[in-house]
Amino acid sequence: MAPNVSLVIVFLICTAVVSVTTGHEDGFTVELIHRDSRKSPMYNPSENHYLRVANTLRRSISRNTAGVVTNTVEAPIFNNRGEYLMKLSLGTPPFPIIAVADTGSDIIWTQCEPCIDCYKQDAPMFNPSKSTTYSKVSCSSPICSFTGDDRRSCSSTSECMYSISYGDNSHSEGDFALDTLSMDSTSGRLVAFPRTAIGCGHDNSGTFDANVSGIVGLGLGPASLVKQMGSAVAGKFSYCLTPIGSDDVKSNKLNFGSNANVSGSGAVSTPIYISDKFKSFYSLKLKAVSVGRKNIFYVRARSSILGEANIIIDSGTTLTLLPADVYQNFAETISNSINLQRTDDPNRFLNYCFATTTDDYKMPHIAMHFEGANVRLHRENVLVRVSDEVVCLAFASSQDNDISIYGNIAQINFLVGYDINNMSISFKRANCVAM
Ligand SMILES: *[C@@H]1O[C@H](CO)[C@@H](O)[C@H](O)[C@H]1NC(C)=O
Ligand SMILES: *[C@@H]1O[C@H](CO)[C@@H](O)[C@H](O)[C@H]1NC(C)=O
Ligand SMILES: *[C@@H]1O[C@H](CO)[C@@H](O)[C@H](O)[C@H]1NC(C)=O
């Protein structure tokens, strides 16, 4: 088991700094920044709403076709185009970075000085020699095994090294080390986790964006942020995603600990399965999808890749990807039961699009039937507006051998809670913009 780092909450009162250690009852919330939103370094004020939506869909589709599952990549679905970012600081004094928040991988890493081979990064780079709390991890330390066997190696001086490859063949490697990781909570506190295992990447290549300095893995493996925070946050995080393409000043929220509770009226839960092959994924069992009361399409397990489960939930994938025959059946049924004219996608990304200038059309009752959790989808979860005249089905077919993914449009305006102690995911309808 991972030795849990203790949670230290530092209250910043004027210039006096008081440090308080809290029990695991406490929760905190940080911002989860959509890459196209005003708070993101990638925000481009000259893009209009529909261009942002088109870019998001394009990234989703290239993510889907970038060789999602091969035998050589260990974190198959992630690529740098992940949709959400978070701010955090590493070391002492705290060095701020912006990184991609990824629920499909584990390791927390940033580009580090000195670089052997780094991608271009606009922001200054973390220099471990300037942090008084940075320490390398020995190869024999149990912490070194957090990386996973196939990602671990030993330096000539017996220090732990990690190497991680992503679905688009991007990769990062360097020292696996311990340092303080801290985050600004939305209540104004600095929340610090001493001795967090992080990857100090000296050799990072691929299609990483110059505006991000690394990745925060929020997956299920031992190196992930939530796993390392452990009992300090009771193994829980949650988020509530607002509709895509909005340049709202308000950002999404990522909640930890008791702030991440998803309970009460309307909350439903489904078990998380662990896949032997992809231990970082939150794999779920989707038993059926339905349109109206009669049409239920059973989803059988496709391959043994996910073991007993058949779909993963991911915040960084925009569309929901279903097995080809289920998708086809589902899309045709919606198409036949919605009172709108079929039309082409002006961007040519999506197959099922409909002409409507209003969002006040009649929708059939559409639901995802996860094991133990029926999740009713609303208009904004099913159809995405791509122009003033056209809405398109935010679903696509997963390729042969690929994994089905429950994407972020389907999660809009739901409080989605991940509980790794109880190994369950909960959904509750919410108005995320108001949260
Ligand atoms: C990074 O963000 C800035 C705006 O702050 C933008 O001008 C630049 O193009 C971005 N770089 C990349 C690689 O997206
Ligand atoms: C969250 O749930 C835990 C355990 O069920 C409980 O102790 C805590 O009070 C809850 N917190 C909130 C904010 O609801
Ligand atoms: C634990 O998960 C199950 C679903 O697998 C759910 O029914 C139950 O409510 C969860 N318990 C808690 C305390 O969240």
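Below, all heavy atoms of this structure are taken into account, side chains as well, without hydrogens, waters or symmetry copies. The shown structure was predicted, so the numbers you read here are calculated from the model rather than taken from an experiment. Counting starts at 1 for both ligands and their atoms, following the listed order.
Ring pair Phe330/Phe297 is perpendicular by interplanar angle, where above 60° counts as perpendicular and below 30° as parallel. Between Phe427 and Phe370, the angle of the ring planes stays under 30°, which puts this pair in the parallel group of the 30/60° scheme.
For ligand 3, the 4.0 Å heavy-atom shell contains residues Ser269, Pro271, Asn422, Ser424.
Both cation-pi conditions hold for Arg379 and Tyr361: the charged atom is under 6.0 angstrom from the six-membered ring centre and inside a 45 degree cone around its axis.
With sequence neighbours excluded, the residues that form a side chain to side chain donor-acceptor pair (under 3.5 Å) with Tyr239 are Gln411, Tyr418.
The two residues Cys392 and Val386 come nearest to each other via the heavy atoms SG-CG2, 3.8 Å.
Between Cys432 and Cys240, the two SG sulfurs come within 2.5 Å of each other, short of that mark.
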